[in-house]
There are 2 protein chains.
Amino acid sequence: MAAQARRHQRRNQVLSREQILDAAIELLDAGGEGALTVRALTERLATGSGAVYYHVGARDELLDAATETVITAALATGPSEEGATPEGQIRDVALALFDAIAEHRWLATRLTLQIVRNPAGPVTVRIFERIGRQVGALGVPRASWFQATSTLVHYILGAVSQHGRIDGDASGVGPDADREEFFDGTSTAWRELDPEDHPFLHAVVPQMREHDDREQFQSGIAIVLAGLTHLRQRIEGVPCTTY
Amino acid sequence: MAAQARRHQRRNQVLSREQILDAAIELLDAGGEGALTVRALTERLATGSGAVYYHVGARDELLDAATETVITAALATGPSEEGATPEGQIRDVALALFDAIAEHRWLATRLTLQIVRNPAGPVTVRIFERIGRQVGALGVPRASWFQATSTLVHYILGAVSQHGRIDGDASGVGPDADREEFFDGTSTAWRELDPEDHPFLHAVVPQMREHDDREQFQSGIAIVLAGLTHLRQRIEGVPCTTY
DNA sequence: ACCTGAACACCGTTCAAGT
DNA sequence: ACCTGAACACCGTTCAAGT
């Protein structure tokens, strides 16, 4: 009764775009991309397939919209501290993406797709703008801004894509159990390789077993940032003893 | 007649695993992942669907096998020069992957998937072993080998994933025309954004328009390598004036 | 051992029809 | 304007049957 103000709403609109997206995200979180079928969605919403097409469009657009919703929410939390360093703010953005994908595994594939196919869309724009500004603040010369930012984004996407491991199947028996099993399998497989042909993999088995994904990700960011700083200083001729 | 030596071959085997994979790769190259249907494949091979399942298994295994075939071929070309530097050899591997994906766009998605889901498979093993050895030769301390190699592989995968742009649709009107159009669209879209909210994207439009993907990729590798070297030297306490 | 192809259980998408 | 749901044109996969 109170909401009679909405224009052009002749009949009672029982379904909204947000409701559809929320239901879609639930299905995706529970069972991966394969679990998001139009039929499963309409059943959950107790509606017909046409309603989904009316409100959000085809399945691909539905996936894009769900991606945009989650990424926007993940990036909404501003910089963690006043006066944080540029390095810290870049790390914050990267970790926000990392954590979003940890919570929504299907995002790994979809985020890359979105950035690749829709460079003018809000997801790509927000990520590039957030990181790019800090690259400037880092002291990278203006002519290298695009190169530097692209390198950071590429690393972040590559690293973060490794965490959408379990795909089409069910929600599974808790990520920890899966994780243990996964690393056990990998390390025994690597150990069974011919040591003559694979000295590196043999040497690295213990490190692989004990590494923490999130820590490794942060170290990776630090490495890329160190590379940017190093090359900048070579370019500008600043004596390297200043850092 | 000459081949009567093959054991267990009662009847004339008219179809081989390689023939199926070759036909699959042709379909993938021509029309992307969406074009590889069991029906299209069996029509091209003039056979029944059961034959495909008999020789290579389900569609997912077919895609994995095709990926393995192409990546193995791409990595088969050895180091380009005797006595090349570790940096040069890492760049060679990276460029081999870059070029393979430029030729087979569908590889972008599938290579990441393979590395993520099948760490003990030949594709992952070969890439990690090739790069990992050079990381050692680079002087990275042994305890950081896995971290350093993972960072490189993550960057390479992330960067290289950006080049499988056109997906399900047809082979298109030549990549150059597509490319021009794509960058035109992106730059006008970025220019239309509010300059107050997006100073970085506005500043970077000309760089985006003129950049060369392959060059940018090589610079990115150089940045990551610089980061590895820099951090190594900080750890080992080598005075930074030596480089 | 190798291959056929009909049959099955799904898909995404459209669209005339209803309110 | 908003929604329904039958109908359509596809999928991947299986499996009894053939040679």
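Just so it is clear: chains get the letters A, B, ... in the order the sequence lines come, proteins before strands, and each one is counted from 1.
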Asks: Find the distance B/L41:CG to D/dC10:P and express it as a whole number of Å.
Replies: 18 Å
Asks: Nearest-Å distance, CG (A/L15) to P (D/dC3)?
Replies: 5 Å
Asks: Are A/F98 and A/F217, when compared by the centres of their aromatic rings, separated by less than 6.0 Å?
Replies: yes
Asks: Expressed as a whole number of angstroms, how long is the span from A/R59:CZ to C/dC10:C1'?
Replies: 13 Å
Asks: Whole angstroms only, please: what is the CD-C1' distance between A/E43 and C/dC11?
Replies: 15 Å
Asks: Just to be sure I understand the rule, does A/A40 reach a base, reach only the sugar-phosphate, or reach nothing, if contact means heavy atoms closer than 4.0 Å?
Replies: nothing
Asks: For A/D60 and for B/G48, locate the closest nucleotide of DNA chain C by heavy-atom distance; then report the residue assigned to the nucleotide nearer the 5' terminus.
Replies: B/G48
Asks: Do the non-hydrogen side-chain atoms of B/F128 and A/V204 ever get within less than 4.5 Å of each other?
Replies: no
Asks: Across the strands shown, which category fits A/L36 at heavy-atom distances under 4.0 angstrom: base, sugar-phosphate, nothing?
Replies: sugar-phosphate
Asks: Assess the side chains of B/T72 and B/R126: does a donor N or O sit below 3.5 Å from an acceptor N or O?
Replies: yes
Asks: Could you pick out which residue, B/V38 or A/S49, lies toward the 5' side of DNA chain D when each is mapped onto its nearest nucleotide?
Replies: A/S49
Asks: Among C/dG12, C/dC2, D/dT13, which is the nearest nucleotide to the side chain of B/A58?
Replies: D/dT13
Asks: Which comes earlier along DNA chain C counting from the 5' end, the contact point of B/R39 or that of B/S16, where each point is its nearest nucleotide?
Replies: B/S16
Asks: May I ask you to verify if any side-chain N or O of B/Y53 is less than 4.0 angstrom from the OP1 or OP2 atom of D/dT13?
Replies: yes
Asks: Once you round it to whole Å, what is the distance between P of C/dC11 and CG of A/L62?
Replies: 15 Å
Asks: Separation of B/E33 atom CD from D/dG12 atom C1', in whole Å?
Replies: 14 Å
Asks: Rounding to an integer number of Å, can you tell me how far A/L63 CG sits from C/dT13 P?
Replies: 10 Å
Asks: Which of these passes side chain to side chain contact (heavy atoms under 4.5 Å, CB included) with B/W106: B/I101, B/L111, B/D29, B/L36?
Replies: B/D29
Asks: Send over the distance from A/H55 NE2 to D/dC2 P, rounded to a whole Å.
Replies: 7 Å
Asks: Is any side-chain nitrogen or oxygen of B/Y54 closer than 4.0 Å to OP1 or OP2 of C/dC3?
Replies: no
Asks: Whom does C/dA1 pair with, Watson-Crick or G-U wobble, provided both distances fall under 3.5 Å?
Replies: D/dT19
Asks: Who is the Watson-Crick or G-U wobble partner of C/dG12, with both distances under 3.5 Å?
Replies: D/dC8
Asks: Just so I know, are the side chains of B/R133 and B/Q89 near enough to count as touching, which here means a heavy-atom distance under 4.5 Å?
Replies: no
